[in-house]
Every structure is written in C-alpha cells, then in structure tokens.
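A short write-up of the structure that comes next.
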Amino acid sequence: MDRTEGTSGTAAVREGGTEGRHDLTSAVSLRVNGTTHTVRLDHRTTLLDALREHLDLVGAKKGCDHGQCGACTVLVGERRVNSCLLLAVACDEPVTTVEGLAAPDRLHPLQEAFVSRDALQCGYCTPGQICSAVAMLDEAAAGHPSHVTPPGPPDGEGPVDLTPEEIRERMSGNICRCGAYPNIVDAIAEAAS
C-alpha cells in the first residue's frame with residue numbers, strides 16, 4: 001500500500017493501481033469555556049493541540065506530551081484530564097481551560113490564592129496546577145479518598161480533610177520544575193478554607 005499526502009491535507013491510498021481517498025479529518029464540535037466551536041481537525045489531533053493551535057487558547061501548556069507532567073491539565077466535564085492524551089474527536093463533554101475559570105470581573109479563588117501565596121515561579125505549569133486543583137477540591141469535597149486518606153467512612157460520605165500531605169498526594173500528577181511546591185500547597189489550602 002502506497003500512501004501519499006494530497007493537496008487538501010487528506011491522504012490518498014493506492015492499492016494495486018486503484019486510488020481511493022480516505023479523509024483523515026472531521027468537523028469536530030467542542031464546547032470550550034461556555035462557547036461551542038466547530039473546527040475541522042485531523043482525527044489524530046489531541047485536545048491540547050486543538051485548544052492551542054485551532055482555538056488560540058494557550059493556557060494549557062505542552063510539557064512532556066506524554067501525560068506525565070500535568071502542564072496540559074484542563075477540566076473535561078468535572079474531571080481533570082491531561083489534554084495531551086485525549087483525542088479532540090473523542091471529547092464529548094464541556095471543556096474548561098484556565099482561561100475559562102475566572103469571571104469577567106474577578107479571578108477564580110484558586111487563581112487569587114496562587115497570586116497571593118506567590119505559588120509560581122516561571123508560571124509554565126501554573127495553568128495546569130490551577131485546573132488540577134479545582135477538580136481536586138471538588139473530589140475531596142465529594143469524599144473521594146486518596147492513597148493517604150485515613151480509613152473512615154466509605155467513598156462519597158463526607159468531605160476529606162485537606163491536610164498538606166493530602167494536597168501533595170492529590171496534586172502529585174502536576175510537576176513544577178521550579179520547585180514552588182510549598183507555596184502551591186499553601187495556595188490550595190487557602191482556597192479550600
């Protein structure tokens with residue numbers, strides 16, 4: 001099978017002298033920060049690349065591109081996800097990026113806490129840290145335990161006490177290369193209180 005790239009961005013596939021066209025793109029409807037966008041994307045486009053390259057929402061960062069650093073964390077529905085691992089064509093829930101957290105006239109409480117606690121240095125990981133922290137606070141409020149949560153009531157029965165150890169465990173998927181972890185923990189604790 002011979003594969004060549006067509007001028008329209010689609011691939012032409014040749015088998016035994018016959019040429020068939022297989023469109024590798026789809027019109028994708030994404031609801032991002034309360035607005036629905038329809039864009040034509042290659043089926044292999046990640047949500048991160050769709051946000052950054054097609055919707056000009058550059059808050060989520062491409063760090064490792066392997067789902068290991070958390071710089072690309074966004075909210076899909078109520079869950080925090082590494083947007084570098086999710087194909088945009090598979091995203092059927094509303095997406096919230098760091099740009100969509102704030103109200104028009106006021107920062108989100110976690111954004112305010114990150115500023116007041118100086119919970120950043122270079123700022124590259126900060127959008128992912130904040131989006132992850134938003135979902136993490138909701139998870140803890142719903143009673144979802146972590147690895148360090150003391151034994152107690154079953155999952156979902158009462159909020160989890162957010163000790164510094166609990167916050168560190170729940171945020172362990174978000175790496176800060178500058179090492180601003182103590183202030184990040186303090187900012188999350190401030191926003192949680």
Side-chain angles (χ1 to χ4, degrees), residues 25-142 144 167 170-178 180-181 183-185 187-192:
T25 65
S26 291
V28 178
S29 182
L30 296 170
R31 184 149 180 82
V32 182
N33 299 332
T35 303
T36 300
H37 304 270
T38 301
V39 290
R40 187 148 203 88
L41 299 173
D42 183 298
H43 298 154
R44 300 161 293 182
T45 303
T46 63
L47 178 58
L48 175 62
D49 288 339
L51 293 170
R52 293 182 60 81
E53 296 173 17
H54 297 274
L55 301 181
D56 295 323
L57 295 168
V58 295
K61 303 293 191 262
K62 187 176 280 198
C64 67
D65 212 19
H66 294 289
Q68 297 176 350
C69 72
C72 67
T73 304
V74 298
L75 304 174
V76 176
E78 301 294 320
R79 298 173 298 117
R80 50 186 164 163
V81 300
N82 292 326
S83 60
C84 72
L85 297 179
L86 179 62
L87 294 177
V89 296
C91 188
D92 59 357
E93 294 184 75
V95 176
T96 304
T97 66
V98 72
E99 294 94 340
L101 291 176
D105 60 341
R106 183 168 183 202
L107 292 176
H108 185 279
L110 268 163
Q111 292 170 317
E112 289 178 347
F114 267 66
V115 171
S116 73
R117 292 294 185 152
D118 197 23
L120 55 111
Q121 287 183 35
C122 80
Y124 196 81
C125 72
T126 305
Q129 297 272 2
I130 291 172
C131 284
S132 187
V134 167
M136 183 269 297
L137 290 176
D138 289 342
E139 292 162 9
H144 300 288
I167 293 170
R170 289 171 182 271
M171 292 296 293
S172 63
N174 291 80
I175 296 170
C176 174
R177 290 168 179 86
C178 300
Y181 296 115
N183 293 355
I184 291 170
V185 171
I188 294 169
E190 177 182 305

Item to check | Residues Cys122, Arg177; criterion side chain to side chain contact (heavy atoms under 4.5 Å, CB included); working and verdict | outcome: CA-CA 9 Å; Cys122 80; Arg177 290 168 179 86; over 6 Å; no
Next on the checklist: Checking Ser83 against Thr73 for the side chain to side chain contact (heavy atoms under 4.5 Å, CB included) test, could you report, in this order, the C-alpha distance in whole Å, the side-chain angles of both residues, the deciding distance, and whether it holds?
Outcome noted: CA-CA 6 Å; Ser83 60; Thr73 304; over 6 Å; no
Item to check | Test side chain to side chain contact (heavy atoms under 4.5 Å, CB included) applied to Val32 and Leu57, step by step | outcome: CA-CA 10 Å; Val32 182; Leu57 295 168; 3.4 Å; yes
Checklist entry - Can you check side chain to side chain contact (heavy atoms under 4.5 Å, CB included) on Ile184 and Phe114, steps first, answer last? => result CA-CA 7 Å; Ile184 291 170; Phe114 267 66; 3.9 Å; yes
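Side-chain contact between Val28 and Thr38 is absent, with no heavy-atom pair separated by less than 4.5 Å. Annotation: side chain of Glu78 is in contact with side chain of Asp138 (closest heavy-atom distance under 4.5 Å). No side-chain heavy atom of Cys125 sits less than 4.5 Å from a side-chain heavy atom of Lys61. At least one side-chain heavy atom of Ser29 sits less than 4.5 Å from a side-chain heavy atom of Thr36. You'll find the side chain of Tyr181 stays beyond 4.5 Å of the side chain of Ile167, heavy atoms only. Glu112 places a side-chain heavy atom less than 4.5 Å from the side chain of Arg106. Proximity of Met136 to Ile188: side-chain heavy atoms (C-beta onward) are separated by under 4.5 Å at one or more points. Looking only at side-chain heavy atoms (C-beta outward), Leu75 and Leu101 come within less than 4.5 Å of each other.
The 12-atom threshold is exceeded at CD of Glu93, counting heavy atoms of other residues, nucleotides or ligands nearer than 6.0 Å.
Taking all atoms of both residues into account, the shortest heavy-atom contact from Leu30 to Ala50 is CD1-CB, 4.2 Å. Ala60 and Val74 make their closest contact through CB-CG1, 3.9 Å (heavy atoms, listed as atom of the first residue, atom of the second, distance). Contact between Ala187 and Ala113 at its shortest, heavy atoms only, is O-CB, 3.3 Å. Summarising the geometry of Ser132 relative to Asn174, their closest heavy-atom pair is OG-OD1, 2.9 Å, with the distance given to 0.1 Å.
Once rounded to the nearest 0.5 Å, the distance linking CZ of Arg52 with CG of Leu47 reads 12.0 Å. Here NE2 of His66 is found 9.5 Å from CG of Leu85. Values are rounded to the nearest 0.5 Å. The distance from the CG atom of Asp49 to the CG atom of Leu51 is 9.0 Å, given to the nearest 0.5 Å. Between Gln121 atom CD and Thr126 atom OG1 the span is 9.5 Å, to the nearest 0.5 Å. Here Cys131 contributes atom SG and Asn82 contributes atom CG; the two are 11.5 Å apart, rounded to the nearest 0.5 Å. If you take CE on Met171 and SG on Cys176, they are separated by 10.0 Å, rounding to the nearest 0.5 Å.
The closest donor-acceptor contact from the side chain of Tyr124 to the backbone of Cys178 lies at 3.5 Å or more, if one exists at all.
A salt bridge does not link Glu139 to Arg79: none of the charged side-chain nitrogens sits closer than 4.0 Å to a carboxylate oxygen.
Side-chain N/O atoms of Ser26 and His43 include a donor and acceptor closer than 3.5 Å. A donor-acceptor contact under 3.5 angstrom links the side chains of Asn33 and Thr97, judged on distance only. Side-chain polar atoms of Asp42 and Thr25 form no donor-acceptor pair below 3.5 angstrom.
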